[in-house]
Visitor: 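The structure that follows is given in the form of structure tokens.
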Amino acid sequence: MARVNSSSICATKWWLSFELACLALAAATAVLGVSAAPPCAADLTHCPKSCGGANISYPYGIGRGCFRPGFEVTCNRSTRPPKLFLSNDTTTEIVQQYPWGAVDASIVFNIAIRPDGAPGTTYNISWEAPGRSLYFYGEESYMVIVGCGIEAYMFAATDPGNMLAFCASTCDDMAAMEKWAVGRPCSGMGCCSIWLETSVTAFRLSIIQKEEALPTAVANATVKAFLTEHSYLFSMADLLSDKVSESTIGASTIYLHPVITDQPNCRKAKKDKQYACAASNCYDENRGYSCTCSNRFYDDGNPYIVGEGGCSKEYNRSHGNQNCSRSCGNTSIPFPFGLGPECSASTNFQLNCSSNQPLIGPSFMQYQVVNISVDEGLLFVNKTYDPQPYFEPYDDEFITHLLGGIDFSEQYGIWKWVISNTTCDMAKNQNQDTYACISTNSECANVTHGHFYIGYRCKCSHGYEGNPYIRNGCNDINECLMMPYLCNGTCYNLEGSYNCTSCPQGTSFDPLERQCISSKHHSLVFAVAVGLGCGFGVLVLTLSTAILIQQWRRHIRKTIRRAHFRRNKGLLLEQLISSVESATQSTKIFSLEELEMATNSFDSTRIVGCGGHGTVYKGILSDQRVVAIKKSKIVEQSEIDQFINEVAILSQIIHRNVVKLFGCCLESEVPLLVYEFISNGTLYNLLHANRLLTWDDRTRIALESATALSYLHSTASIPIFHRDVKSANILLNDSFTAKVSDFGASRSISIDETHVVTIVQGTFGYLDPEYYHTGQLNEKSDVYSFGVILVELLTRKKPIFLNCFGEKQNLSHCFLQTLRDKTTAQILDPQVIEEADEGEIDEMASLAEICLKLRGEERPTMREVELRLQLLRGKVTKKNQQDLHVDKETEPLLPSESNTNSCTQHIELGTISSSTTHESTRCYTMEQELVSWSDLPR
């Protein structure tokens, strides 16, 4: 019998044809025994849906045509209640199945130890996933061994010589052991636990009887081994409650992840007729691939089924006609949003109402919806979830992926939302059944975030208001009632507009009453006289009042500025600056008037960067110096000390690779910092915006940054620990020279001190583990953070990045692991591999490795790091000069090309020189860097 294409059948618009085709396909798969191509819901109507308390859904199944190869399950009905097992494996019980194919399972082994067994007797057991189609995450699972006088060894099934883990257990005195075991974990008394550090599909467990004899009381004991999640690890009292008898002990579940193994990856699988992902996303796994719906964290359908019951998340405008509740507490919930799947247009717009609060997002990361603006396409939210260490911190890309159709604006708590990521033209022409703007007098609007396109939304046409997502939802606005100031006469409302007419004859418009009233006849001479007299009197009074107010305001401004100067500890800062001769010459305390003149009274056109913590203005001082003026929005009194600390430290530093501080102003409510204008952003932006950065530039920037930190540690008059070294604090000027910035968290110590105990500060991903645990800050803390920057330069990855499974990983830990596994090339930036010699890469990788040592005493000093980078830089420079010499010798043989001043060419070639400074500046402006500046804490 020929196989029917289930995908095309399920997509037809005629329901009758759909049912007939699916029944034919079900018959075909029943004959074959198993289903390899994605079935539709009708194919599986004959399949059992549950066994005991466990649900069954495809790709798992019982009987012919109900499962995909490698996912057969059986139901043991001899127990009460019945239990569901993987294939014929009676040791692996399925407790729960998730729609995306993963299962919670319990794996239990019973081994009866022979009483006459000699010491050294070995008992072997093994477990293997059927068809290698499942594997469990090792970091979340334990193997618990219950028994007496035993040692347990776990080996990888594919590599018998590779031991994964080991534990041992003893039971010298059963009574004492049971008393000691109450409420304690398995740590060697009666039971022991093995932590699985790697994810495996199969393993072998060898249990060996110890040399000493077993106690008589437990000579006939049964060794029990089962897997469990570490968060549910049983106490010893629970494990020994039956005195290690042969009765079965309950086992917790582990998380098993499905893998389709008939093809090695998604690229090849999509060319196969047996491709398993039905209208869903494909993800590469170690030995194959897996399927998920568009959102890996939502229960939004089965990715292995075609059509209904699968991953269908199309916009359904008919749900707007349902008789659904449109409020939760005091919050109105207009369509396309709704409470539940039948009341919202799609799962992207699905909310749930808990304690009279509308919430959006999965259970581990929910946000309270405060307001929904249909007209503006905005969602106002508050974060309500409790942070968990393995999900924090969330970034915009991660949350956008979870919620779908949501984009974050620059203002905290305000999200943009769209119907889909298509344009208005595509939405109108592709599928009229899913086009969202169905109300009369509505129109489509394209939504962007800066220069990036997000999608489309709907809005009512000009002159109308309401909900464009429901039929007849946009209604006419009565402008005459809502905006009575529109007309200096009589206002007439029109459909979508209004009309103004002059007042009727015999009436005049009263601007106070905003209506036409009867005209009054007065003597022209009297009116003119009264008008002139009143006008002259008002003029004199106005001028007098203005002069008095101006004088009063000037006095108030001076008083307020003096108060701000004292509150911001201006006298203390003056003493600190005057006590250092070099600081007196280079650092100035500016008046507020000077900075107002430099920024045209802080004109909005002078803003070059905005962020959550403040605004940065571009200013021109009276001596024509171009500066960046950093103005925070709000400063807590506790932050004033950090501000004074930053100014005092920067005033003592004179170095070409440290950002230059011209001065500060303390006369405003929040202190202002005046820096040199840095034009080419931060190293972080340059690395992670995928802009070309040559190997030569990377080594030079690393050396210049190390030189600055070495100067701070050992050459400055007072040793200074930066405490927040990261790529976002390394700025690049016109000639792309590196400059270390942001000294708000820095600490200076006396020469005879080696460390100082402080409150831990820093940035996640760069923070020294030893400093985090001890609170003792020393120069080696900056060395660790600099090691992370070296890894960034080598790999072009963020300190915290998402792997292929969507999990957050620490870059330094991942890098050190690749060094140990000798797989460093897998994580390196392809451009580094292309441009750098193997020896140069090994030199920088080796330097990063010793900088990332866990113990500070094993790390080098910044001076030693600087010397090693100087040697590496010398090798790179010498190689470049040799290459340039070869190019010059071969140049006459090459055809000539016209020169160009295009900044794009300079950036692509990675050349940075004085002749291209101007063009390079145009290619990468200050605005991006200053936005991140204003967001950084002082």
Side-chain angles (χ1 to χ4, degrees), residues 609 611 616 628 655-660 675-712 722-743 745 762-767 782-801 811-812 815 828-829 831-832 835-836 844 847-848 851-852 862 865-866 869 872-873 876 906-907 910-912 917 920-921 923-936:
V616 178
H655 194 276
R656 67 186 299 269
N657 296 121
V658 177
V659 67
K660 186 175 182 180
Y675 290 99
E676 63 177 321
F677 193 87
I678 307 298
S679 59
N680 277 318
T682 68
L683 176 60
Y684 181 92
N685 291 336
L686 190 62
L687 278 174
H688 304 302
N690 290 324
R691 301 181 67 88
L692 190 61
L693 188 63
T694 65
W695 175 245
D696 181 71
D697 292 336
R698 299 187 198 203
T699 56
R700 179 181 52 78
I701 291 173
L703 174 58
E704 290 173 346
S705 304
T707 302
L709 293 175
S710 176
Y711 168 83
L712 295 175
H722 190 283
R723 201 158 55 155
D724 196 15
V725 176
K726 57 184 177 182
S727 56
N729 284 340
I730 298 177
L731 311 181
L732 303 173
N733 67 1
D734 291 346
S735 59
F736 282 79
T737 299
K739 288 182 177 286
V740 178
S741 68
D742 199 346
F743 290 81
T763 302
F764 186 72
Y766 297 91
L767 193 61
D782 287 349
V783 174
Y784 182 90
S785 302
F786 184 77
V788 180
I789 294 178
L790 291 179
V791 179
E792 280 188 87
L793 289 169
L794 284 170
T795 64
R796 206 163 199 163
K797 293 183 181 295
K798 297 180 180 179
I800 301 299
F801 68 99
L811 175 59
S812 59
F815 176 78
L828 291 179
D829 185 6
Q831 184 182 350
V832 171
E835 295 182 4
M844 184 172 283
L847 180 57
C851 288
L852 295 176
M862 280 310 304
V865 173
E866 177 189 5
L869 286 173
L872 175 61
R873 177 64 181 161
V876 175
H906 288 296
I907 292 300
T911 58
I912 302 171
T917 298
S920 298
T921 302
C923 292
Y924 198 86
T925 61
M926 178 68 176
E927 281 75 356
Q928 294 179 347
E929 195 285 320
L930 289 175
V931 168
S932 63
W933 242 19
S934 57
D935 277 331
L936 295 174

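Computed from a predicted structure; not experimentally measured.
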Visitor: Apply side-chain contact (heavy atoms from CB on, under 4.5 Å) to N733 and list each qualifying residue two or more places apart in sequence or on a separate chain.
Guide: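 For N733, the residues satisfying side-chain contact (heavy atoms from CB on, under 4.5 Å) (neighbours in sequence not counted) are S735, T737, K739.
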Visitor: Is the shortest side-chain heavy-atom distance between M844 and V832 below 4.5 Å?
Guide: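 The answer is no, as the side chains (C-beta and beyond) never meet within the 4.5 Å cut-off.
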Visitor: Let me see the working for L732 and I701 under side chain to side chain contact (heavy atoms under 4.5 Å, CB included), right down to the final yes or no.
Guide: CA-CA 9 Å; L732 303 173; I701 291 173; 4.0 Å; yes
Visitor: Quick check against the 3.5 Å criterion: does E704 have a side-chain atom that pairs as donor or acceptor with the backbone of A738?
Guide: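 Indeed, once roles are kept as given, a pair shorter than 3.5 Å links the two residues.
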Visitor: Quick one: does L794's side chain get under 4.5 Å of F815's, heavy atoms only?
Guide: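 When only atoms from C-beta onward are counted, F815 and L794 do touch, with a gap below 4.5 Å.
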Visitor: Who passes side-chain contact (heavy atoms from CB on, under 4.5 Å) against S785, sequence neighbours left out?
Guide: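 V725, Y766.
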Visitor: Atom CG in L731, atom CG in L686: separation rounded to 0.5 Å?
Guide: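 Interatomic distance, L731 CG to L686 CG, rounded to 0.5 Å: 12.0 Å.
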Visitor: With sequence neighbours left out, what residues match E835 under salt bridge (charged side-chain N to carboxylate O under 4.0 Å, His left out)?
Guide: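 With sequence neighbours excluded, E835 shows a salt bridge (charged side-chain N to carboxylate O under 4.0 Å, His left out) to no residue whatsoever.
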Visitor: Has the side chain of S741 got a donor or acceptor atom that lies under 3.5 Å from a matching backbone atom of N729?
Guide: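 Checking the backbone N and O of N729 against the side chain of S741, a donor-acceptor pair under 3.5 Å is found.
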Visitor: Under the 3.5 angstrom rule, does the side chain of R873 hit a backbone N or O of D696 as a donor-acceptor pair?
Guide: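 Yes, R873 side chain to D696 backbone: donor-acceptor pair under 3.5 Å.
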Visitor: I'd like to know if the side chain of D782 reaches the main chain of L709, judged simply by a donor and an acceptor atom lying under 3.5 Å from each other, with no hydrogens or angles considered.
Guide: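 The answer is no, because no donor-acceptor pair under 3.5 Å joins these two groups.
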Visitor: Which residues pass the side-chain hydrogen bond (donor to acceptor under 3.5 Å, both in side chains) test with T795, not counting sequence neighbours?
Guide: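 Here no residue qualifies.
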Visitor: Using 0.5 Å steps for rounding, measure from the CE atom of M862 to the OH atom of Y711.
Guide: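 Answer for the CE-OH pair, M862 versus Y711, is 15.0 Å.
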Visitor: Could you go through F736 and D697, starting from their C-alpha distance and side-chain angles, then the distance that decides it, and tell me whether this counts as side chain to side chain contact (heavy atoms under 4.5 Å, CB included)?
Guide: CA-CA 9 Å; F736 282 79; D697 292 336; over 6 Å; no
Visitor: About how many Å separate CD1 of I730 and CG of L793, when rounded to the nearest 0.5 Å?
Guide: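 Reported to 0.5 Å precision, the distance equals 7.5 Å.
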Visitor: Would you indicate whether the side-chain heavy atoms of T707 and R656 approach each other to under 4.5 Å?
Guide: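 A side-chain contact under 4.5 Å is absent here.
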Visitor: Report the distance from atom NE2 of H655 to atom CG of L712, rounding to the nearest 0.5 Å.
Guide: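 The CG atom of L712 is 8.0 Å from NE2 of H655, to the nearest 0.5 Å.
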Visitor: With sequence neighbours left out, write down each residue that passes side-chain contact (heavy atoms from CB on, under 4.5 Å) with L847, or none if nothing qualifies.
Guide: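 Scan of L847 (side-chain contact (heavy atoms from CB on, under 4.5 Å), adjacent residues dropped) gives L790, I850, C851, V865, R868, L869.
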Visitor: Compare every heavy atom of K798 with every heavy atom of H688, then report the nearest pair and how far apart it is.
Guide: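 Shortest heavy-atom separation between H688 and K798 comes out as CE1-N, 3.5 Å.
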Visitor: Report the distance from atom CG of D734 to atom OG of S679, rounding to the nearest 0.5 Å.
Guide: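 The OG atom of S679 is 3.0 Å from CG of D734, to the nearest 0.5 Å.
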Visitor: Is the closest side-chain heavy-atom distance between L852 and V788 below 4.5 Å?
Guide: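 The answer is yes; the side chains approach within 4.5 Å.
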Visitor: With heavy-atom distances below 4.5 Å as the criterion, would you say the side chains of L683 and L693 are in contact?
Guide: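 Contact flag for L683/L693 side chains = yes.
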Visitor: So, for A848 and G787, which heavy atoms are closest and what is the spacing to 0.1 Å?
Guide: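 So the minimum-distance heavy-atom pair works out to CB-O, 4.0 Å.
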Visitor: Under the salt bridge (charged side-chain N to carboxylate O under 4.0 Å, His left out) rule, collect the residues that match up with K797, sequence neighbours excluded.
Guide: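 Not a single residue meets the salt bridge (charged side-chain N to carboxylate O under 4.0 Å, His left out) criterion with K797.
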